[in-house]
Structures are given as C-alpha cells and as structure tokens.
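Structure first, then comments.
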Protein chains: 2
Amino acid sequence: MSQVRPGARRVLGATAVESPVIQPRLRTIPEATVARLAVYLRVLAGFADGGRTTVSSGELASAAGVNPAGLRKDLSHLGSCGVRGVGYDVRALRERIARVLGAEQSRACVLVGLGNLGTALADYAGFGSRGFRFTGLFDAAPDRVGQRIGGLPVQPMTELEATVTGTGVSIGVIATPAEVAQQICDRLTAAGVRSILNFAPMTLTAPAGVDVRQVDLSVELQVLAFLGQQRAVPAGEVPA
Amino acid sequence: MSQVRPGARRVLGATAVESPVIQPRLRTIPEATVARLAVYLRVLAGFADGGRTTVSSGELASAAGVNPAGLRKDLSHLGSCGVRGVGYDVRALRERIARVLGAEQSRACVLVGLGNLGTALADYAGFGSRGFRFTGLFDAAPDRVGQRIGGLPVQPMTELEATVTGTGVSIGVIATPAEVAQQICDRLTAAGVRSILNFAPMTLTAPAGVDVRQVDLSVELQVLAFLGQQRAVPAGEVPA
DNA sequence: GCGACTTTGTTCCTGCGTTCACAAGCGGCT
DNA sequence: AGCCGCTTGTGAACGCAGGAACAAAGTCGC
C-alpha cells in the first residue's frame, strides 16, 4: 500500500543550522515519516471517537497498516510522548502530531479549476477537518463562475491575484486541464504562493523555493496494473 | 513523486526465481521506477504529438522533472533501447514502456461510489487513453442508479459481483465514504478482484495476494503544509 | 577512412529508509 | 516493598534509491 508516492525523497526540515547547546534534538523529519504522521492523525481521530484514551504502538500500527517498530521510530522524531508499559495517550498524541504538522491552525488555500475533480476537492469534507479552508475558487468557464460549491462562490480568473494577496493564501491547488496548468502555476507563484498541489497530468516547473507536489491519478492505476501483470506472469518474459 | 504515499518501498517483480541460464536479465523493477515509467509514458506522448522522433535522456528527464542519470537507469531496467550518440526513438520507447507496464492491453475496472470524486474519476479521460476502461459503475444511492456518467449507466450495488465475474475485472476502484470502504473491499476481493485502488480515507485490510493502493488527498495537502511551515520557521522549536 | 563529439549504459558510492532486536522504564499484583 | 509483565525508545544491520563519474558505442564532419 502506498500513498502516491512518486515524490522527491528529500529530507525535510531546516538546513541543519542547529545551535548545539540550545537544540540537542534533531530538527529534521523524513518526508516519508511526515506522510505517515498524517495517516496516524486520521487513525487517532477514529480511536478518539471510539472512546479510547490510550493506544499501544501495535494497535496503532495495525490500524494504520504499518510496522509497529517503524511507527515508534516515526513518533520518536517528535520526542518521547508515550508511557512505557501503557502506550500513548490518544489526546496528547493527536495534539502533538497536529502541532508538528501545522494542522492546528487553519490554512488558507485557493483552488483553480472546478471541473469534476475540482468540484470534488472543494466539497471534500476531509480538508476542513484537517486545518485547511478554501478562501477562493476560480474557473475560466463563464458558466461556472457564480456557482456556489461547498458554500463558496466560483470567481473568474481575473480575481485570482487579488484573493491570493488579500487572504494570505499559503497553498494553491491546481485541478485544471494540463494545457493551462503551467500558466496557472506561474500566476500563483508570481502572486506569492509557495506551495502548490497539482492534479493536472503535467510536470510543472516553478522557481526555487516553491514546493510542488504532483498527484497523477492514472499513475497509481498503472502501478497497480503492473503489479497485477507481474503476478499473472511471474516467469514470463516481455515478448519481443 | 509522491503521490501521496507513505508506502511500502518494496521491490516488485517475481520473487527471484530466476533460471540463470535462460534469464540473464534481472526480472525485478523497483516500485519507484515503475511510477516514473508511467510519467515517462505521458511525457513521451507529448513529444510524439509534437512530431519528435527521437529524444535524448536530458530532454526527457527535464520534461519529466527527474535527473538524467536516474532516467537512464530506469530505462536500463527494460533493456537497452537507445542509440548512443543519438538518443531514444520516441515510438519504440513508448511501445516498450507500455508493454512493460501492461498498458497496451485494455484492462477492465469497476468503480464503486459515484459522489463527486467518483464522478470525476469516471469522467477522467486520462484513464481510457492509458489502457483502462470502466466496465461497471456502482452506487448505493437509488437516485444515482440509472444515471449515465461517461457513457456508462450507474448500477445498483447488487449487480457488483455479477459484473466483476462476468467481465473479467482486474482492478477495483473505491471512491465511497470511509464507513463502507472496507465492506466494498471485502465484496470485491470475494468476487476475485486482486488489485484495489482506494480513495476513501481509511486503511483497508485485504487477504494476502491482493494489492491495495491507498490515495489520501488530504495527506498530500498536509505534507505540503508541513513543508511550508518548516520553511516559515526554520529555527523555531515546536512550542510546549 | 579517420578523428572527434555526443549520448547511452553501467558501476561505484553515499545516504536514507526499514526492519529486527534489545535495553530501559512504568504499572499492577502479591 | 519487591517482582513480573508489558510497552516504549533506541541502536545496529541491511537493503534500496539516487547521484556522479566513466567507459563503450555510434554518428557527423572532414
């Protein structure tokens, strides 16, 4: 099971400018760990809803689909938070992870492109409960402008820059056709957006200092198809 | 990229049951390479549409957003296909990658759950052009049954097993609410589906031999938010 | 025909991620 | 109060991925 993973395997965090006296703790968290922390957060919400107050690493790992030892190592990156012999306090761990991921504060996002996928994203309840809120929806089609999706009106593309600079947007989401994705990316970065999530099947180029994450839904399907094919013909060579 | 993926970094392919005489070539392809091959395939389609007949590793790597050396290493997994001093033949390389990924043959898929996201997936043109076709759309809501989406009628859940066994479905896509995702997964696996792509924010458990890939859209956003936060406060410690 | 340039394919190496295994610490029971 | 069992946290080893550098090979120009 993999979360989309065609990504840079770079190590996150500060560039090791550590003052050795003040900061004995490591300040870098691997990207793979960050992605799993988000999953743990979701699983912990389920445990909390079920009334659990403590969980062991084994239970949590099972629910998240990972190795218990790896889960403990992931959690060790944010300091000791568990009690030996007992486990982890659900509430405290949730807050700790949320704080590290920055999910405690609401982050303003804009969404460009409200076709089927964009509409699904705007309506997706999972974003709001995880600290994200859309402050602007934009589309180039005149007949989409003015529609309300998820309680927010769709605005024309001309308003993009004003909304970005006016509402302190930190993340831009692109769900447009591939042909215009690069152009949207340019406008977003020019307006000051430094984090972009791209759903268009197109490799974006952005200035240094801008983080771009690519989600290509068909890539996931193709990896799955490869796995299935490999399983079907385990010893067969690719025909000439 | 990462597409989302906090995932197993397992090596795909046969379990090294190689007959040393017949098969001198390695039979395993790393999962990360498979994901990138799918991206190369998309980029190559763009070059072909532009009339190009040959490309160098540098051009291809630039268009795909990867390192040229890494690209050549990826391609070396499927045998020498380039000409030194010239580059790669666009057409031949496309066919080679498509064959390795199994994208040359049309694969039957079923899609369960036609909310906003499911509808977006059913309409997504990128699937059809990459060797995937939906042979069944299913939803539990009576008012959705009978609607035509992407030329296909939505069927009631009761028809799921019959369609799976009748049309030789190899991949099941789940886009339902999280509460029923596990139940759908159980029905799909019971009906013989051995590859599942899950968009519900819920960790699925499946029998051994079934490949499950998880795509959680909010995980991507949270990784992006973490990157942005890390950049904003490079020296700040998490407050107590 | 020959030399030089271009580009591939491979090899080495460094670093990260994952896993296993064990020591340390805490609660409960007697 | 002391012991036992359970769970965390960490240290070490292993395997994989990514990057750089180099040799092989083919083409273009003279």
Side-chain angles (χ1 to χ4, degrees), chain A residues 1-3 5-13 15-16 24-26 28-37 39-40 52-62 64-90 92-93 96, chain B residues 1-2 5-13 15-16 24-26 28-37 39-40 52-62 64-90 92-93 96 223:
Chain A
M1 160 211 14
S2 181
Q3 215 86 18
R5 298 110 19 211
R9 205 154 313 258
R10 180 166 50 93
V11 166
L12 315 179
T15 55
R25 178 176 305 170
L26 294 179
T28 69
I29 300 182
E31 182 169 325
T33 293
V34 173
R36 282 190 297 264
L37 284 177
V39 176
Y40 303 156
R52 295 290 302 272
T53 59
T54 60
V55 283
S56 67
S57 63
E59 291 173 295
L60 205 52
S62 171
V66 300
N67 188 295
L71 182 138
R72 290 198 297 271
K73 178 156 288 192
D74 286 339
L75 295 185
S76 73
H77 281 118
L78 33 88
S80 290
C81 200
V83 179
R84 301 178 190 227
V86 177
Y88 298 92
D89 182 78
V90 173
L93 189 57
R96 186 74 137 300
Chain B
M1 291 151 285
S2 171
R5 91 277 201 197
R9 205 151 314 254
R10 179 167 53 94
V11 166
L12 314 179
T15 54
R25 177 177 305 169
L26 295 178
T28 70
I29 299 181
E31 181 169 324
T33 293
V34 172
R36 282 190 297 266
L37 285 177
V39 176
Y40 304 156
R52 296 289 304 270
T53 57
T54 60
V55 285
S56 68
S57 63
E59 291 173 294
L60 204 53
S62 171
V66 300
N67 187 293
L71 183 138
R72 291 199 297 272
K73 181 170 292 189
D74 285 340
L75 295 184
S76 74
H77 280 118
L78 32 89
S80 290
C81 198
V83 179
R84 299 173 191 231
V86 177
Y88 298 92
D89 182 78
V90 173
L93 189 55
R96 188 78 152 258
V223 173

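The structure displayed is predicted, hence computed values, not measured ones.
Take the nearest nucleotide of DNA chain C for B/Val55 and for A/Val86: the residue whose nucleotide is more 5' is B/Val55. Heavy-atom distances to DNA chain D give each of A/Ser76 and B/Asp74 a nearest nucleotide, and the one nearer the 5′ end belongs to A/Ser76.
In terms of modelled atom types and a separation under 3.5 Å, the side chain of A/Arg36 and the main chain of A/Asp74 share no donor-acceptor contact.
Atom CZ in A/Arg72 sits about 15 Å away from atom P in C/dA23, given to the nearest Å. If you take NZ of B/Lys73 and C1' of C/dT14, they are 12 Å apart, rounded to a whole angstrom. What separates NE2 of A/His77 from P of D/dG11 is a distance of 12 Å, to the nearest Å. The interatomic distance linking A/Glu31 (CD) with C/dG15 (C1') rounds to 16 Å, in whole Å. Atom-to-atom, CG of B/Asp89 to P of C/dT7 comes out at 16 Å; the value is rounded to the nearest Å. Here D/dA13 presents its C1' atom at 15 Å from CG of A/Asn67, a figure rounded to the nearest Å. Between A/Arg84 atom CZ and D/dC6 atom C1' there is a gap of 12 Å when expressed in whole angstrom units. Protein atom CG of B/Leu71 is 16 Å distant from nucleotide atom P of D/dA17, rounded to whole Å.
Taking 4.0 angstrom as the limit, B/Tyr88 places none of its side-chain polar atoms (N or O) nearer than this to OP1 or OP2 of D/dG26. Residue A/Ser57 has a polar side-chain atom (N or O) positioned under 4.0 Å from OP1 or OP2 of D/dT8. A sub-4.0 Å separation between OP1 or OP2 of C/dT18 and a side-chain N or O of A/Arg36 is present.
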Inset, instruction - Applying side-chain contact (heavy atoms from CB on, under 4.5 Å), run through A/Tyr88 and A/Glu59 and close with a yes or a no. - result: CA-CA 10 Å; A/Tyr88 298 92; A/Glu59 291 173 295; over 6 Å; no
Inset, instruction - Go through the steps to decide whether A/Thr54 and A/Val83 satisfy the test side-chain contact (heavy atoms from CB on, under 4.5 Å), and finish with yes or no. - result: CA-CA 10 Å; A/Thr54 60; A/Val83 179; over 6 Å; no
Inset, instruction - Would you check, one step at a time, whether the test side-chain contact (heavy atoms from CB on, under 4.5 Å) holds for B/Leu78 with B/Leu37? - result: CA-CA 10 Å; B/Leu78 32 89; B/Leu37 285 177; 4.1 Å; yes
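Residue B/Gly70 is out of contact with every strand shown, counting any heavy-atom pair closer than 4.0 Å.
At least one side-chain heavy atom of B/Tyr40 sits under 4.5 Å from a side-chain heavy atom of B/Leu75.
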